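This report concerns only the one structure given below.
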Amino acid sequence: MHDIRALRENPELYEKAWAAKGRSGAAAEAVELDAKVRAIKTASEQVQARRNDLSKQIGQAKARKDEATAQALMAEVEILKANQAAEAEAERDAAQALHDLLAALPNIPFADVPAGADEHDNVEVRRWGEPFAISNPRDHVDIGEGLGLIDFEAAARMSGARFTVLKGELARLERALGQFMIDIQTQEHGYTEVSPPLLVNDAAAYGTDKLPKFAEDLFQTTDGRWLIPTAEVPLTSLVMGQIVDEEELPMRVTALTPCFRSEAGASGRDTRGMIRQHQFYKVELVSITTPEQSEAEHERMVSCAEAILKRLELPFRTMLLCTGDMGFGARRTYDLEVWLPSQGKYREISSCSNCGDFQARRMDARTKKAGEKGTRYVHSLNGSGLAVGRTLVAIMENYQDEKGRIAIPQALHRYLPGLTHIGGQG
RNA sequence: GGAGAGGUGGCUGAGUGGUCGAAAGCACCGCACUCGAAAUGCGGCGUACCUUUACGGGUACCGUGGGUUCGAAUCCCACCCUCUCCGCCA
């Protein structure tokens with residue numbers, strides 16, 4: 001949610017950001033609605049003050065058995081009430097309109113985020129590793145099906161498109177990857193492991209800016225809950241409605257969970273293989289910080305995600321997203337892109353965003369210094385550390401050999417004792 | 001799913017229609033006392049929003065949302081959550 005005061009004081013800043021996202025005029029609209037809401041509110045509060053005063057007088061009159069005065073006062077209240085109903089409705093409508101407008105408007109990128117329309121304008125920050133020399137690389141579908149360890153047809157029969165069945169050592173590799181990632185994040189990077197609900201209510205989805213705008217991207221249960229599209233939702237919601245002691249910040253939490261996405265707007269994209277699925281595992285990193293800490297924490301978080309790819313010795317590059325490619329809630333986003341030999345290009349495997357106080361305002365998550373008055377909204381950050389399914393794809397493709405086998409990266413050996421290759425040893 | 005109990009300020013906890021934003025205690029802050037501290041005494045001490053140059057004034061909030069009433073923490077309805085017992089269940 002946006003700070004309406006900041007918007008009021010600096011509408012040009014908001015107008016610029018929203019115009020770039022095709023919402024030209026939204027800032028002026030919000031300012032106008034806000035003025036209207038406050039005008040009605042001020043007027044109606046004055047009427048209510050008068051009414052409260054009259055009611056008090058009625059009580060006093062009744063106490064001294066002065067029925068005549070009480071009746072006269074009650075008649076006066078009746079007149080006020082008649083006008084109040086319409087006023088109240090006008091105020092509700094205006095406030096609702098303002099809220100609905102603001103709830104559907106994206107966060108404002110930091111001033112130094114590169115302007116741009118789409119992914120072509122993203123800026124490469126750094127690159128790690130050299131793409132392996134693989135002649136005629138096969139993609140993970142061919143490799144997996146060739147080994148008999150991946151079965152998209154069975155998945156389609158029982159669930160439909162965009163689902164995968166993994167078997168045997170490939171299923172085991174996926175599981176090992178999740179363990180490996182979360183162990184690194186907890187044991188080496190100081191994140192606290194959380195096992196959160198995978199179904200959440202409207203408030204949690206709204207607070208993490210998945211609602212109201214992106215409901216169609218989510219799966220909903222018959223009782224009205226939502227399947228989490230990422231553990232960002234439950235992890236960030238840990239502080240929903242809370243006032244956290246400033247000493248406890250930064251708060252770093254992580255979870256390995258399945259993620260569920262309807263991929264409503266992605267028909268036709270990445271239809272082959274397990275790049276884009278309705279369900280996938282991901283290790284998510286979430287940090288809750290003070291306003292002062294968030295930028296440094298963001299850099300740290302990106303390095304925590306990068307560490308996984310380095311350990312797995314997978315070539316990647318780190319991209320600073322331009323304004324046009326950033327998500328709804330972010331002020332700054334870095335994507336990690338891993339090299340996929342079959343596609344001959346880098347593909348997103350992690351996205352790390354600093355949301356500033358955007359989500360905190362939506363979920364009323366604040367922080368307070370011990371012994372001091374007053375609260376401030378926290379900052380929230382989230383990042384993948386990493387997407388397990390896509391990492392599996394990256395390993396399959398980057399570690400394939402000419403015999404159709406997949407070598408196991410050194411870092412995973414302790415998670416897969418005795419297994420050096422999938423598809424035949426040595 | 002059934003039966004019952006309950007949700008009040010940072011915490012404990014009183015409050016069943018009017019002067020209650022809410023007693024009291026604890027915690028916290030200030031002052032006094034003290035060489036200092038403890039103890040004691042006095043005072044202060046919720047949040048959000050509107051309004052005002054300022055001082056201040058006002059509105060809302062006692063789980064959430066409705067309703068009754070001139071007036072609701074208090075009465076009514078629905079929902080949510082917690083606890084106890086029963087049932088079911090991995």
Side-chain angles (χ1 to χ4, degrees), chain A residues 1-9 30-103 195-207 211 220-226 234 237-249 257-258 357 360-378:
Chain A
M1 185 48 69
H2 301 278
D3 181 355
I4 187 65
R5 284 186 186 145
L7 199 164
R8 208 185 288 157
E9 285 163 19
V31 167
E32 193 178 324
L33 267 171
D34 170 55
K36 186 175 166 191
V37 169
R38 282 183 298 132
I40 300 174
K41 189 182 171 99
T42 301
S44 74
E45 284 185 355
Q46 281 166 2
V47 175
Q48 187 61 40
R50 173 69 183 149
R51 212 181 130 181
N52 288 347
D53 183 51
L54 288 172
S55 289
K56 195 174 279 190
Q57 290 183 45
I58 292 168
Q60 289 162 351
K62 291 218 172 195
R64 59 175 188 268
K65 306 273 191 238
D66 185 353
E67 268 308 313
T69 303
Q71 289 301 328
L73 292 167
M74 282 162 76
E76 199 175 333
V77 171
E78 282 305 323
I79 296 165
L80 292 178
K81 279 176 86 171
N83 301 326
Q84 265 187 316
E87 280 276 294
E89 195 175 343
E91 183 182 347
R92 249 200 320 275
D93 289 352
Q96 186 68 47
L98 179 61
H99 179 270
D100 290 351
L101 176 69
L102 291 178
S195 176
L198 307 182
L199 270 52
V200 296
N201 59 24
D202 285 353
Y206 173 79
L211 291 181
Q220 189 164 31
T221 62
T222 53
D223 66 353
R225 287 177 236 270
W226 306 90
S237 296
L238 286 170
V239 294
M240 174 165 63
Q242 302 296 301
I243 298 174
V244 185
D245 281 350
E246 208 166 298
E247 288 74 51
E248 292 175 30
L249 303 179
T257 71
D357 64 9
R361 287 178 178 279
R362 292 171 87 98
M363 65 175 65
D364 192 27
R366 291 170 290 165
T367 183
K368 181 175 170 300
K369 263 201 184 111
E372 278 187 24
K373 273 179 74 112
T375 56
R376 298 187 295 165
Y377 289 108
V378 298

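The sequence lines fix the lettering, A, B, ..., with proteins before strands; numbering per chain opens at 1. What you are looking at is a predicted structure, and each value in this text was computed from that prediction instead of being measured.
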Show the nearest heavy-atom pair for residues [X] and [Y], with the distance to one decimal.
X        : Y        : result
A:Leu7   : A:Ala30  : CD1-CB, 4.1 Å
A:Gln84  : A:Gln48  : NE2-OE1, 2.8 Å
A:Thr367 : A:Val244 : OG1-O, 2.8 Å
A:Arg376 : A:Glu246 : NH2-OE1, 3.4 Å
A:Ser44  : A:Glu91  : OG-OE1, 3.1 Å

Send over the distance from [X] [atom1] to [N] [atom2], rounded to a whole Å.
X        : N      : atom1 : atom2 : result
A:Arg366 : B:rG10 : CZ    : C1'   : 13 Å
A:Asp245 : B:rC11 : CG    : C1'   : 14 Å
A:Glu76  : B:rG71 : CD    : P     : 14 Å
A:Asn201 : B:rC79 : CG    : P     : 18 Å
A:Met1   : B:rC49 : CE    : C1'   : 15 Å
A:Glu67  : B:rG18 : CD    : C1'   : 14 Å
A:Lys368 : B:rU47 : NZ    : C1'   : 12 Å
A:Arg225 : B:rC81 : CZ    : C1'   : 12 Å

Taking atom [atom1] in both [N] and [M], compute the distance separating them and give it to the nearest angstrom.
N      : M      : atom1 : value
B:rC83 : B:rG25 : C1'   : 25 Å
B:rC20 : B:rU59 : P     : 15 Å
B:rU74 : B:rU8  : P     : 14 Å
B:rC11 : B:rG46 : C1'   : 13 Å
B:rA78 : B:rG87 : C1'   : 26 Å
B:rA3  : B:rG58 : P     : 48 Å
B:rU34 : B:rG21 : P     : 42 Å
B:rC79 : B:rA27 : C1'   : 35 Å

Item checked: Residues that A:Thr69 engages under side-chain contact (heavy atoms from CB on, under 4.5 Å), provided they are two or more places apart -> A:Ala61, A:Arg64, A:Asp66, A:Leu73
Item checked: Partners meeting side-chain contact (heavy atoms from CB on, under 4.5 Å) with A:Leu199 (sequence neighbours left out) ->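 If we apply the side-chain contact (heavy atoms from CB on, under 4.5 Å) test to A:Leu199, skipping adjacent residues, the hits are A:Thr221, A:Arg225, A:Leu227.
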Contacts under 3.5 Å, N or O only, protein and nucleotides 75-78 of chain B:
none

Check: Roughly how far, to the nearest 0.5 Å, is CG of A:Asp364 from OH of A:Tyr377?
Finding: 5.5 Å
Checklist line | Nearest-0.5 Å distance that lies between atom CD1 in A:Ile58 and atom CE in A:Met74 | finding: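 Atom-to-atom, A:Ile58:CD1 and A:Met74:CE are 6.0 Å apart.
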Notebook entry, point to check: Closest nucleotide of RNA chain B for A:Tyr377 versus for A:Ala63: which of these residues is on the 5' side?
Noted result: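 Mapping each residue to its closest nucleotide by heavy atoms, the 5'-most match is A:Ala63.
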Notebook entry, point to check: A:Thr375 side chain N/O closer than 4.0 Å to the phosphate oxygens (OP1, OP2) of B:rA48?
Noted result: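 Yes.
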What pairs of donor and acceptor atoms, side-chain ones from residues 93-101 of chain A against any protein atom, are under 3.5 angstrom apart with sequence neighbours left out?
residue, atom, partner, partner atom, Å
A:Gln96, NE2, A:Asp100, OD1, 2.9
A:His99, NE2, A:Tyr206, OH, 3.2

Check: For RNA chain B, what dot-bracket results from Watson-Crick or G-U pairs at under 3.5 Å, with [ ] for crossers and | for inter-strand partners?
Finding: ((((((((.[[[..)..(.....]]].(((((.......))))).((((((....)))))).[[[[[..)....]]]]])))))))....
Note to self: For A:Leu54 and A:Leu80: C-alpha separation, side-chain torsions, deciding distance, then whether side chain to side chain contact (heavy atoms under 4.5 Å, CB included) applies.
What the structure shows: CA-CA 10 Å; A:Leu54 288 172; A:Leu80 292 178; 3.8 Å; yes
Next item on the list: Do nucleotides 50-70 of chain B as a string where each nucleotide becomes B, S or -: B if the base has a protein heavy atom under 4.0 Å, S if just the sugar-phosphate does, - if no protein is that close.
Entry: BS------BBS---------B
Check: If we only count heavy atoms from C-beta on, is the A:Gln60 to A:Lys56 side-chain gap below 4.5 Å?
Finding: yes
Next item on the list: Decide yes or no on side chain to side chain contact (heavy atoms under 4.5 Å, CB included) for A:Arg38 and A:Arg8, but give the supporting numbers first.
Entry: CA-CA 12 Å; A:Arg38 282 183 298 132; A:Arg8 208 185 288 157; 3.5 Å; yes
